[in-house]
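Notes follow once the structure below has been shown.
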2 protein chains.
Amino acid sequence: MARRISPQNPESRNTTDGRRVEQQAENHRRTRKAHLSEIAEDYVEVIAELIDSNGEARAVDIARRLGVTHVTVVKTIARLVREDLVSTKPYRSIFLTDAGRQLAEKARHRHQIVVRFLKSLGVSDAAANADAEGIEHHVSAETLQAFEQYCRRMNHE
Amino acid sequence: MARRISPQNPESRNTTDGRRVEQQAENHRRTRKAHLSEIAEDYVEVIAELIDSNGEARAVDIARRLGVTHVTVVKTIARLVREDLVSTKPYRSIFLTDAGRQLAEKARHRHQIVVRFLKSLGVSDAAANADAEGIEHHVSAETLQAFEQYCRRMNHE
DNA sequence: TATTATATGTAGCCTTCGCTACACATGTTG
DNA sequence: CAACATGTGTAGCGAAGGCTACATATAATA
């Protein structure tokens, strides 16, 4: 029976390795935390879209666009109100605060860049749109800039 | 007071628009669902790493690498056992099933491609590693292929 | 305006990932 | 082998996103 190589010992715990492991942990922590913001961004993005096209954002429409029930929307909106991204009044539609509008703008901007970038790479429209939905939330400023640069290079030949 | 543009009417509900909205909803649904697999992939990836380097994967080591407590690991591992990705015995370390090993291999492969791709684009090592952690789970087969192709083009000068 | 259709809200449930605190098993070492 | 360190397990909590079922409010229309 294969027993422990380095038993009960927190793996090869030299400092170099420890730092690498801590870095890895930090990346995972960041990614997990990002997940909370992702949903917030999706909501404000959709809300901004709806306000632009319909003049207002109603819970049912948000629900339809996100593919959830209106109950889920109501609950999540409550969180976003707590976080001061949107505001509501009972039985009235949903508004963005200044912070919410800013976040929506940022999200939309990033989203567009990612889509454009993927298309420039030769990815189909459908896949570009689908993948961007997931990717956009995990792109650092540095990477986003690299995406933009690539698009520019492609356009200027 | 601004009243409804198109009151009580599920937005401009012509068929064309309806299809677009349904597509958007579907993308969001997929992205949300992906989140469950993400965590599974992170776990099997780390477990595979640990088995390679240490000969075994212990809960504490997984915890350290993912930046969570061992309790969280134990709980999540229970789910992965239910999903037949890993197997355990009380007070023994953690093993991958065939399905788990396969998933780990796939995840690792994708992860490497994404990192390599980002670096080829000119992104720093740190950012490439950090962003890949989030991006890798949202890259479709088609996009992954585009990434690989780009890397190949870069290497062949 | 009364009826009906649609939107919003509330109650209460599930699941998942987090956590702390404490109990118990296993390994290491004097 | 006893004592101590370290790893594993369990109880019980919170926050979030999801849901169904039902109640209530608002809007459209006969």
Side-chain angles (χ1 to χ4, degrees), chain A residues 1 3-11 13 25 28-43 46 50 54 56-83 85-95, chain B residues 1 3-11 13 25 28-43 46 50 54 56-83 85-95:
Chain A
M1 185 163 208
R3 287 313 327 132
R4 304 205 135 85
I5 300 315
S6 142
Q8 206 75 356
N9 173 358
E11 28 179 340
R13 200 119 184 68
H28 275 110
R29 266 189 289 258
R30 275 192 346 92
T31 304
R32 269 198 309 276
K33 204 169 158 192
H35 185 245
L36 282 174
S37 331
E38 278 176 48
I39 293 179
E41 288 183 19
D42 286 343
Y43 272 77
V46 164
L50 285 167
N54 295 8
E56 66 169 2
R58 299 182 309 163
V60 271
D61 296 332
I62 300 173
R64 190 156 21 233
R65 277 179 149 75
L66 292 177
V68 296
T69 66
H70 82 277
V71 184
T72 300
V73 170
V74 167
K75 258 192 166 176
T76 304
I77 291 292
R79 165 165 81 94
L80 301 185
V81 168
R82 281 203 302 282
E83 294 174 2
L85 290 170
V86 309
S87 68
T88 58
K89 281 185 207 164
Y91 295 98
R92 282 280 93 93
S93 61
I94 291 150
F95 305 95
Chain B
M1 185 161 208
R3 288 311 328 131
R4 303 206 134 83
I5 300 316
S6 145
Q8 207 74 356
N9 173 358
E11 29 180 337
R13 199 117 185 70
H28 279 290
R29 266 189 288 259
R30 275 194 342 93
T31 304
R32 269 198 309 276
K33 202 169 160 193
H35 185 244
L36 282 174
S37 330
E38 279 177 47
I39 293 178
E41 289 183 18
D42 286 342
Y43 272 77
V46 165
L50 285 167
N54 296 7
E56 67 169 1
R58 297 182 311 160
V60 272
D61 296 331
I62 299 172
R64 189 154 24 232
R65 278 179 147 78
L66 292 177
V68 297
T69 64
H70 83 277
V71 183
T72 300
V73 170
V74 167
K75 259 190 165 175
T76 303
I77 290 294
R79 166 167 78 94
L80 301 186
V81 168
R82 281 203 302 281
E83 294 175 0
L85 290 169
V86 309
S87 67
T88 58
K89 281 184 206 164
Y91 294 98
R92 284 277 93 93
S93 62
I94 291 150
F95 305 95

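Residue numbers begin at 1 in each chain, while the letters A, B, ... track the order of the sequences.
Nearest to the side chain of Ile39(B), among dG9(D), dA16(D), dC17(C), sits dC17(C). Side-chain proximity of Tyr91(B) to the nucleotides dG17(D), dA21(D), dC24(C) is greatest for dC24(C). If you check dG17(D), dA7(C), dT16(C) against the side chain of Thr72(A), the one that comes closest is dG17(D). Residue Lys75(B) has its side chain nearest to dC17(C) when only dT10(C), dA7(C), dC17(C) are considered. For Val60(B), the side-chain atoms get nearest to dT8(D) when compared with the rest of dA7(C), dT8(D), dT20(D). Among dT10(C), dT20(C), dT16(C), the nucleotide with an atom closest to any side-chain atom of Val71(B) is dT20(C). Of all nucleotides listed (dC17(C), dT26(D), dG27(C)), dT26(D) comes nearest to the side chain of Arg92(A).
Atoms CD1 and CD1, on Ile94(A) and Ile77(A) in that order, are 4.0 Å from each other to the nearest 0.5 Å. Considering CG of Leu50(B) and CZ of Arg64(B), their distance stands at 9.5 Å, rounded to 0.5 Å. If you take CD1 on Ile62(B) and CG on Asp42(B), they are separated by 12.0 Å, rounding to the nearest 0.5 Å.
Residue Ile77(B) contributes atom CD1, which lies 10 Å from atom P of dC17(C) at whole-angstrom precision. Computed from coordinates, the Arg58(B) CZ to dG27(C) C1' distance equals 10 Å when rounded to whole Å. For the pair Ile62(B) CD1 and dT8(D) P, the interatomic distance rounds to 9 Å; values are reported in whole Å. Between Leu66(B) atom CG and dC17(C) atom P there is a gap of 12 Å when expressed in whole angstrom units. The separation between Glu41(B) atom CD and dC17(C) atom C1' is 17 Å, rounded to whole Å. Look at CD on Glu38(A): it is 13 Å from C1' on dG17(D), rounded to the nearest Å. Rounded to whole Å, the distance from NZ on Lys33(B) to C1' on dT15(C) is 15 Å. Between Tyr43(A) atom OH and dG17(D) atom P there is a gap of 7 Å when expressed in whole angstrom units.
Judged by distance alone, with hydrogens and angles left aside, His70(B) brings no side-chain donor or acceptor close enough to the base of dG7(D) to form a pair under 3.5 Å.
Summary of the strand contacts: Ala59(B) and Arg79(A) both lie near DNA chain D, and taking for each the nucleotide with the nearest heavy atom, the more 5' one is attributed to Ala59(B). Nearest-nucleotide mapping onto DNA chain C: of Gly67(B) and Arg82(B), the residue sitting toward the 5' end is Arg82(B).
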Before giving the answer on side-chain contact (heavy atoms from CB on, under 4.5 Å), spell out for Leu80(A) and Glu83(A) the whole-Å C-alpha distance, their side-chain angles and the decisive distance to 0.1 Å.
-> CA-CA 5 Å; Leu80(A) 301 185; Glu83(A) 294 174 2; 4.1 Å; yes
Please test Val74(B) against Val71(B) for side-chain contact (heavy atoms from CB on, under 4.5 Å), starting from the C-alpha separation and ending with a verdict.
-> CA-CA 5 Å; Val74(B) 167; Val71(B) 183; 5.7 Å; no
